[in-house]
Amino acid sequence: MTKAIEEQLELLAENAVDLFSREELKRKLETTRRDNRPLRVKYGADPSAPDIHLGHVVGLNQLRRFQDCGHTVVFIIGDFTGMIGDPSGRSQTRKPLTREQVAANALSYQEQVFRILRREQTEIAFNSNWLSPMGFEEVIRLSAHVTVAQLLARDDFSKRYAANQPISLVEFLYPLVQAYDSVKVKADVELGGTDQLFNLLLGRELQKVMGQEPQVVMTLPLIEGLDGVNKMSKSLGNYIGINEPAKDIFGKAMSISDDLMWKYFRLVLGWGREAIEQLQSEVQSGTVHPRDAKDRLATALAARFHDEAAARAVSEEFRRVFSAGQAPSEMPELVVTPDLLDGEGRAGLMALMVAGGLCASNGEAKRLIQQGAVKIGEEKATEVQAKVVPVDGLIIKSGKRGFVRLRLA
RNA sequence: GGUGGGAUAGCGAAGUGGCCAAACGCAUCAGACUGUAAAUCUGACGACUCACGUCUUCGAAGGUUCGAAUCCUUCUCCCACCA
């Protein structure tokens with residue numbers, strides 16, 4: 001709260017990609033300091049995908065920085081838009097939600113968000129509060145402030161339009177809705193990913209038109225997901241969720257490419273530039289193995305969303321299973337029931353694999369065996385038709401990650 | 001309102017009577033190499049069967065045919081353009 005203006009500015013702008021504008025932000029910081037009131041920093045969330053992942057964490061971290069400087073976060077849950085959905089059918093994640101679903105998602109959202117944000121410096125707002133009661137007249141008045149050409153200027157709209165792909169009117173309206181939210185909550189600043197730039201700027205425009213001081217717009221980098229190419233998103237399934245078990249957070253983090261890990265250090269862990277450059281040079285000089293650098297990342301992530309002890313445990317477990325090739329300490333079990341056995345007390349390997357959940361069908365089991373992915377105990381299975389004499393505790397392994405332990409009934 | 005185009009496996013997209021369980025690309029899964037890296041290379045990729053093979057699938061329902069993703073009829077849904 002007492003940080004000097006310049007210092008705040010430095011900290012807040014560090015990771016920003018776009019900032020409109022630095023001067024304006026500075027001025028706002030000064031006036032709020034003088035009037036002794038915090039800035040209102042707006043951030044919008046889509047309640048249709050209630051799992052918060054590391055991509056969101058980038059934004060949340062930045063919000064937290066604002067809070068650390070004494071400012072207030074206005075966290076908007078887009079329940080109204082969530083209930084309308086996206087009729088273009090392009091995206092399955094945009095199915096309309098029921099009121100109950102939205103409420104449930106919003107609740108789980110808050111619970112996750114407050115693992116990063118300070119509750120006492122956060123206002124939660126549901127945009128249905130002001131959008132639902134709006135009459136059509138108001139909606140039309142609102143849309144009068146924006147031209148089609150303006151909307152078409154947005155990158156993905158212009159691309160789709162040029163490619164003769166559908167753009168529904170609702171999609172056109174969404175940016176307007178988001179901009180109107182800014183007016184309603186009297187935002188001083190709005191944050192979003194770089195893909196939100198257009199929408200954020202529209203909020204600025206609309207505030208001006210409606211007689212408010214325009215919000216400062218700040219965009220943050222998008223982080224690529226596990227595939228290393230596409231931005232992290234739930235619908236692509238390339239994400240690390242903050243509610244995932246420590247083991248999964250760790251394992252997924254280990255699978256990202258070396259190039260990408262620095263971005264995670266900076267934007268998800270919030271490491272400063274010096275610390276990152278230091279580690280980078282150690283990796284470059286060979287002092288630190290890249291694997292170990294990534295282990296630090298993965299451990300820190302697991303620790304952040306669980307705790308130190310759990311993080312250390314998964315790191316060790318990981319080393320044992322994947323570096324040393326040993327069996328994990330815990331794995332699913334399959335109780336061998338009599339119907340799996342033939343007359344001589346043996347069970348077909350394929351049947352065991354299907355029953356144990358290692359694969360979905362016999363055909364798949366066969367493929368895995370033929371490709372040399374399957375081990376019975378220590379022995380590699382080579383025969384598709386192999387029979388196994390079940391022994392209590394015997395482990396069947398499929399691929400790098402599939403394990404099942406047999407239990408006799 | 002008019003004109004044209006389209007619906008094929010997780011996605012994209014070929015295929016216009018038998019050689020189609022359906023090219024190719026992406027994604028996925030496995031193997032090799034490794035650090036569970038990434039990249040690369042190799043293989044697999046509807047179900048059932050040891051296998052010969054059998055069964056279900058090309059928007060839906062009917063029909064023509066020895067034989068239909070492919071032809072005909074009706075229906076459903078989608079898109080672009082012109083107004």
Side-chain angles (χ1 to χ4, degrees), chain A residues 86-93 157 159-171 223-240 246-265 279-280 282-284 286-299 301-302 314-328 331 342 346 348-351 353-354 357-375 380-387 396-403:
Chain A
D86 176 356
S88 69
R90 233 167 22 96
S91 148
Q92 278 126 2
T93 60
F157 284 155
K159 277 194 189 129
R160 278 160 64 193
Y161 190 67
N164 280 354
Q165 280 170 358
I167 302 170
S168 89
L169 195 53
V170 168
E171 290 181 88
I223 57 169
E224 290 80 9
L226 302 179
D227 55 26
V229 179
N230 297 300
K231 77 164 184 171
M232 187 175 283
S233 82
K234 185 170 188 200
S235 51
L236 291 173
N238 62 354
Y239 68 103
I240 302 179
K247 181 167 120 319
D248 294 338
I249 291 180
F250 189 94
K252 286 182 176 181
M254 286 305 280
S255 79
I256 65 170
S257 76
D258 290 358
D259 294 337
L260 191 54
M261 82 173 146
W262 307 111
K263 211 166 173 180
Y264 281 44
F265 270 116
L279 186 58
Q280 267 174 327
E282 281 171 353
V283 167
Q284 213 141 46
T287 324
V288 173
H289 193 287
R291 189 211 166 274
D292 294 325
K294 207 182 291 170
D295 183 280
R296 282 180 72 177
L297 172 73
T299 306
L301 288 173
V314 291
S315 169
E316 276 160 32
E317 172 85 352
F318 187 86
R319 211 175 280 272
R320 184 166 74 242
V321 176
F322 295 111
S323 302
Q326 292 171 14
M331 68 180 85
D342 65 10
R346 299 178 309 170
L349 177 56
M350 292 195 298
M353 289 173 65
V354 173
L358 294 177
C359 51
S361 67
N362 279 350
E364 200 178 319
K366 184 173 128 194
R367 245 176 272 137
L368 289 166
I369 296 168
Q370 282 171 342
Q371 295 183 126
V374 180
K375 273 186 172 180
K380 184 181 264 192
T382 48
E383 282 296 318
V384 171
Q385 284 310 299
K387 295 278 185 181
I396 296 180
K397 182 184 183 195
S398 162
K400 279 176 284 196
R401 278 168 290 186
F403 291 91

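All chains are named by letter (A, B, ...) in the order of the sequence lines, taking the proteins before the strands, and each is independently numbered beginning at 1. Note that this is a predicted model, so its numbers are computed, not measured.
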Just to verify, what does A/D295 make a side-chain hydrogen bond (donor to acceptor under 3.5 Å, both in side chains) with, not counting sequence neighbours?
A/T299, A/S315
Picking from B/A47, B/A30, B/U36, which would you name as closest to the side chain of A/S361?
B/A47
With rounding to the closest Å, how many angstrom separate the P atoms on B/G2 and B/C20?
42 Å
Only pairs with both distances under 3.5 Å count, Watson-Crick or wobble alike; so what is the partner of B/C24 in this structure?
B/G12
Heavy-atom nearest nucleotide on RNA chain B for A/G399 versus A/G251: which residue maps closer to 5'?
A/G399
Reckon A/G372 touches a base, only the sugar-phosphate, or nothing at all at heavy-atom distances under 4.0 Å?
sugar-phosphate
So that I can tick it off, tell me whether A/K263 and A/E224 are bridged by a salt bridge, with the cut-off set at under 4.0 angstrom between side-chain N and carboxylate O.
yes
Considering just the side-chain nitrogens and oxygens of A/R291, establish if one lies under 4.0 Å of OP1 or OP2 belonging to B/U36.
yes
Test of understanding: with side-chain hydrogen bond (donor to acceptor under 3.5 Å, both in side chains), list the residues that count as partners of A/E282, not counting sequence neighbours.
A/Q278
Euclidean distance for P, B/A39 against B/A30 (whole angstrom)
15 Å
Can you tell me the pairing partner of B/C71 across any strand shown, Watson-Crick or G-U wobble, with both distances under 3.5 angstrom?
B/G63
Separation of atom CG in A/D227 from atom P in B/A39, rounded to whole Å:
9 Å
Can you tell me the distance, in whole Å, between the CG atom of A/L368 and the P atom of B/G31?
8 Å
Who pairs with A/N362 by side chain to side chain contact (heavy atoms under 4.5 Å, CB included), at least two apart in sequence or on another chain?
A/M350, A/V354
Determine the Euclidean distance between corresponding C1' atoms of B/U40 and B/A51; express it in Å to zero decimal places.
36 Å
Min side-chain heavy-atom separation A/L349-A/M353 under 4.5 Å:
yes
Quick check for you: to the nearest 0.5 Å, what is the distance between A/W262 atom CH2 and A/Q280 atom CD?
5.0 Å
Given the P atoms of B/U76 and B/A61, what is the spacing between them in whole Å?
15 Å
What interatomic distance, in whole Å, is found between C1' of B/U57 and the corresponding atom of B/A69?
10 Å
Let me have a per-nucleotide readout for nucleotides 20-27 of chain B, 5' to 3', with B, S or -, counting only protein heavy atoms under 4.0 Å.
--------
Out of B/C50, B/G35, B/G31, whichever nucleotide has its closest atom nearest the side chain of A/P290
B/G35
Checking N1-N3 plus N6-O4 or O6-N4 for Watson-Crick, or N1-O2 and O6-N3 for wobble, each under 3.5 Å, the partner of B/A7 is B/U76
Between the base of B/G35 and the side chain of A/D258, is there a donor-acceptor distance below 3.5 Å?
yes
Nearest whole angstrom, please: distance from the P of B/U28 to the CG of A/L358.
20 Å
Spacing of the C1' atoms in B/C58 and B/G17 (rounded, Å)
15 Å
B/A38 P sits how many Å from A/Y264 OH, rounded?
13 Å
Please identify each residue that fulfils side chain to side chain contact (heavy atoms under 4.5 Å, CB included) with A/A293, with sequence neighbours left out.
A/M261, A/L279, A/V283, A/V288
Residues that A/T382 engages under side chain to side chain contact (heavy atoms under 4.5 Å, CB included), provided they are two or more places apart:
none
With rounding to the closest Å, how many angstrom separate the C1' atoms on B/G62 and B/A9?
25 Å
Minimum-distance nucleotide (side-chain atoms of A/Q371 versus B/U36, B/G43, B/C50):
B/G43
I'd like a table of atom pairs between the protein and nucleotides 51-53 of chain B - only N or O on both sides, under 3.5 Å - with the distance next to each one.
{"from": "B/A51", "atom 1": "OP1", "to": "A/K366", "atom 2": "NZ", "distance (Å)": "2.5"}

Residue A/S257, side-chain heavy atoms: nucleotide from B/A38, B/A30, B/U36 that is nearest:
B/A38
Residues pairing under salt bridge (Lys or Arg N to Asp or Glu O under 4.0 Å) where one sits in residues 360-374 of chain A, two or more places apart or in two chains, turn out to be none
Nearest-Å distance for atom pair CE/C1', residues A/M353 and B/A30:
11 Å
With both distances under 3.5 angstrom, what nucleotide forms a Watson-Crick or G-U wobble pair with B/G1?
B/C82
When rounded to whole Å, the NZ to C1' distance for the pair A/K387 and B/C50 reads 11 Å
Rounded to the nearest angstrom, tell me the gap between atom CZ in A/R367 and atom P in B/A30.
12 Å
Say we look at B/U42 and B/C79: how far apart would their P atoms be, to the nearest angstrom?
41 Å
Gap between atom CD of A/Q385 and atom CD1 of A/I369 - 0.5 Å precision
8.5 Å
A/S323 side-chain N/O to B/G35 phosphate OP1/OP2 under 4.0 Å:
no
Would one find a side-chain N or O of A/N362 under 4.0 angstrom from OP1 or OP2 of B/U49?
yes
Can you tell me the Watson-Crick or wobble partner of B/A30, both distances under 3.5 angstrom?
B/U42
Side-chain donor/acceptor of A/N238 to backbone N/O of A/S233, under 3.5 Å:
yes
A/I249 CD1 to B/U36 P, in whole Å, measures 19 Å
Side-chain donor-acceptor contacts of residues 250-260 of chain A below 3.5 Å, not counting sequence neighbours, with atom names and distances?
{"from": "A/K252", "atom 1": "NZ", "to": "A/Y239", "atom 2": "O", "distance (Å)": "3.1"}
{"from": "A/K252", "atom 1": "NZ", "to": "A/E244", "atom 2": "OE1", "distance (Å)": "2.9"}
{"from": "A/K252", "atom 1": "NZ", "to": "A/E244", "atom 2": "OE2", "distance (Å)": "3.1"}
{"from": "A/S255", "atom 1": "OG", "to": "A/K252", "atom 2": "O", "distance (Å)": "2.9"}
{"from": "A/S257", "atom 1": "OG", "to": "A/L260", "atom 2": "N", "distance (Å)": "3.4"}
{"from": "A/D258", "atom 1": "OD1", "to": "A/K294", "atom 2": "NZ", "distance (Å)": "3.0"}

